[in-house]
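The structure appears right after this line, and notes come after that.
Computation of the quantities below employed the complete heavy-atom set of this structure, encompassing side-chain atoms and omitting hydrogens, waters and symmetry-equivalent molecules. Note that the coordinates shown come from a computational prediction; the quantities given were computed from them, not determined experimentally.
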Amino acid sequence: QVQLVESGGGLVQAGGSLRLSCAASGRTFSAYAMGWFRQAPGKERELVATMTSGGSTNYADSVKGRFTISRDNAKNTVYMQMNSLKPEDTAVYYCKAAWGKAEHWGQGTQVFVSS
């Protein structure tokens with residue numbers, strides 16, 4: 001069983017930056033594909049960025065060039081650096097770990113970007 005705990009959310013002005021962290025329990029973190037998703041009020045949860053166990057990345061078009069996902073397997077942690085934030089980035093951000101058919105989600109961290 002993997003437990004995920006996100007942190008790093010908060011209030012930031014448009015154009016600012018935040019770095020989200022997701023700390024995972026368990027000894028098999030390096031085998032998991034990791035991802036960040038977000039859900040804005042009244043909208044469905046959407047993919048933001050993913051990173052495979054091998055380090056390949058994928059980004060939503062809306063965040064390409066602004067957000068960067070990374071992982072530190074020695075610390076069992078995945079990060080997302082968010083730059084040039086926009087009000088439309090306001091959402092609850094969730095971390096996800098996936099390995100085969102197993103999926104685990106964190107509790108989410110709120111990001112609010114003011115205009």
Side-chain angles (χ1 to χ4, degrees):
Q1 185 72 12
V2 174
Q3 292 185 321
L4 305 172
V5 179
E6 300 100 332
S7 61
L11 171 64
V12 64
Q13 289 187 329
S17 298
L18 285 173
R19 188 174 85 151
L20 304 184
S21 299
C22 172
S25 65
R27 297 177 292 175
T28 57
F29 174 80
S30 62
Y32 280 81
M34 301 299 298
W36 288 97
F37 293 71
R38 67 186 181 188
Q39 188 166 18
K43 295 187 177 181
E44 293 185 354
R45 191 172 297 188
E46 63 176 3
L47 180 149
V48 179
T50 61
M51 177 175 274
T52 67
S53 59
S56 297
T57 58
N58 181 54
Y59 295 92
D61 288 342
S62 59
V63 307
K64 283 181 181 177
R66 300 189 298 123
F67 291 10
T68 302
I69 187 171
S70 62
R71 64 192 297 165
D72 185 338
N73 289 335
K75 295 183 178 180
N76 279 16
T77 301
V78 63
Y79 305 96
M80 188 159 69
Q81 179 67 41
M82 305 188 297
N83 299 327
S84 302
L85 283 161
K86 304 175 181 180
E88 51 264 43
D89 295 319
T90 294
V92 177
Y93 283 72
Y94 297 91
C95 177
K96 175 185 171 182
W99 185 19
K101 295 182 179 180
E103 291 186 353
H104 307 277
W105 291 88
Q107 83 289 349
T109 185
Q110 175 73 56
V111 171
F112 185 85
V113 184
S114 63
S115 57

Not counting sequence neighbours, which residues clear side-chain contact (heavy atoms from CB on, under 4.5 Å) with [X]? List them please.
| X | value |
| --- | --- |
| S25 | Q3 |
| V113 | V12, A14, L85, P87, D89, T90, V111 |
| Q107 | V5, E6 |
| A31 | W99 |

| Is the side chain of Q39 donor-acceptor paired with the backbone N or O of E46 at a distance under 3.5 Å, no angle test? |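 No.
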| message | So, taking the atom named CE in M51 and the one named OG1 in T68, what distance separates them when rounded to the nearest 0.5 Å? | response |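 If I round to the nearest 0.5 Å, the distance is 9.0 Å.
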| field | Gap between atom CZ of R45 and atom CZ of R38 - 0.5 Å precision | value |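 CZ of R45 is found 13.0 Å from CZ of R38.
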| query | Can you list every pair that meets disulfide (SG to SG under 2.5 Å) and has a residue in residues 35-115, with sequence neighbours left out? | reply | C22-C95
| request: Hey, could you give me each pair passing disulfide (SG to SG under 2.5 Å) that has a residue in residues 31-92? Not counting sequence neighbours. | output: none
Heavy-atom pair of closest approach, residues [X] and [Y]:
| X | Y | value |
| --- | --- | --- |
| A97 | M34 | CB-SD, 3.5 Å |
| I69 | W36 | CD1-CD1, 3.7 Å |
| L20 | G9 | CD2-N, 3.6 Å |
| A24 | L4 | CB-CD2, 3.5 Å |
| R71 | A33 | NH1-CA, 4.4 Å |

| Mind checking who shares a hydrophobic cluster with Y79, ILVMFWY linked at side-chain heavy-atom distances under 4.5 Å? |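 None; Y79 is a cluster of one.
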Answer with yes or no whether the hydrophobic clustering places [X] together with [Y]; edges join I, L, V, M, F, W, Y residues whose side-chain heavy atoms lie under 4.5 Å apart.
| X | Y | value |
| --- | --- | --- |
| L11 | M82 | no |
| F37 | V92 | yes |
| Y94 | F29 | no |

| query | Which residue pairs pass the salt bridge (charged side-chain N to carboxylate O under 4.0 Å, His left out) test with at least one member in residues 72-86, sequence neighbours excluded? | reply | none
| Contact list for residues 40-69, test ring-ring contact (aromatic ring centres under 6.0 Å, His included), sequence neighbours left out |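 Qualifying pairs, neighbours excluded: none.
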| query | Do M80 and V63 come close enough that some side-chain heavy atom pair is under 4.5 Å? | reply |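 Sidechains of V63 and M80: no contact.
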| request: Under the side-chain hydrogen bond (donor to acceptor under 3.5 Å, both in side chains) rule, collect the residues that match up with K43, sequence neighbours excluded. | output: none
| request: Scan for side-chain hydrogen bond (donor to acceptor under 3.5 Å, both in side chains) pairs involving residues 47-56, sequence neighbours excluded, and state none if there are none. | output: none
| said: Tell me every residue that passes salt bridge (charged side-chain N to carboxylate O under 4.0 Å, His left out) with E88, counting only those two or more places apart in sequence or in another chain. | reply: none
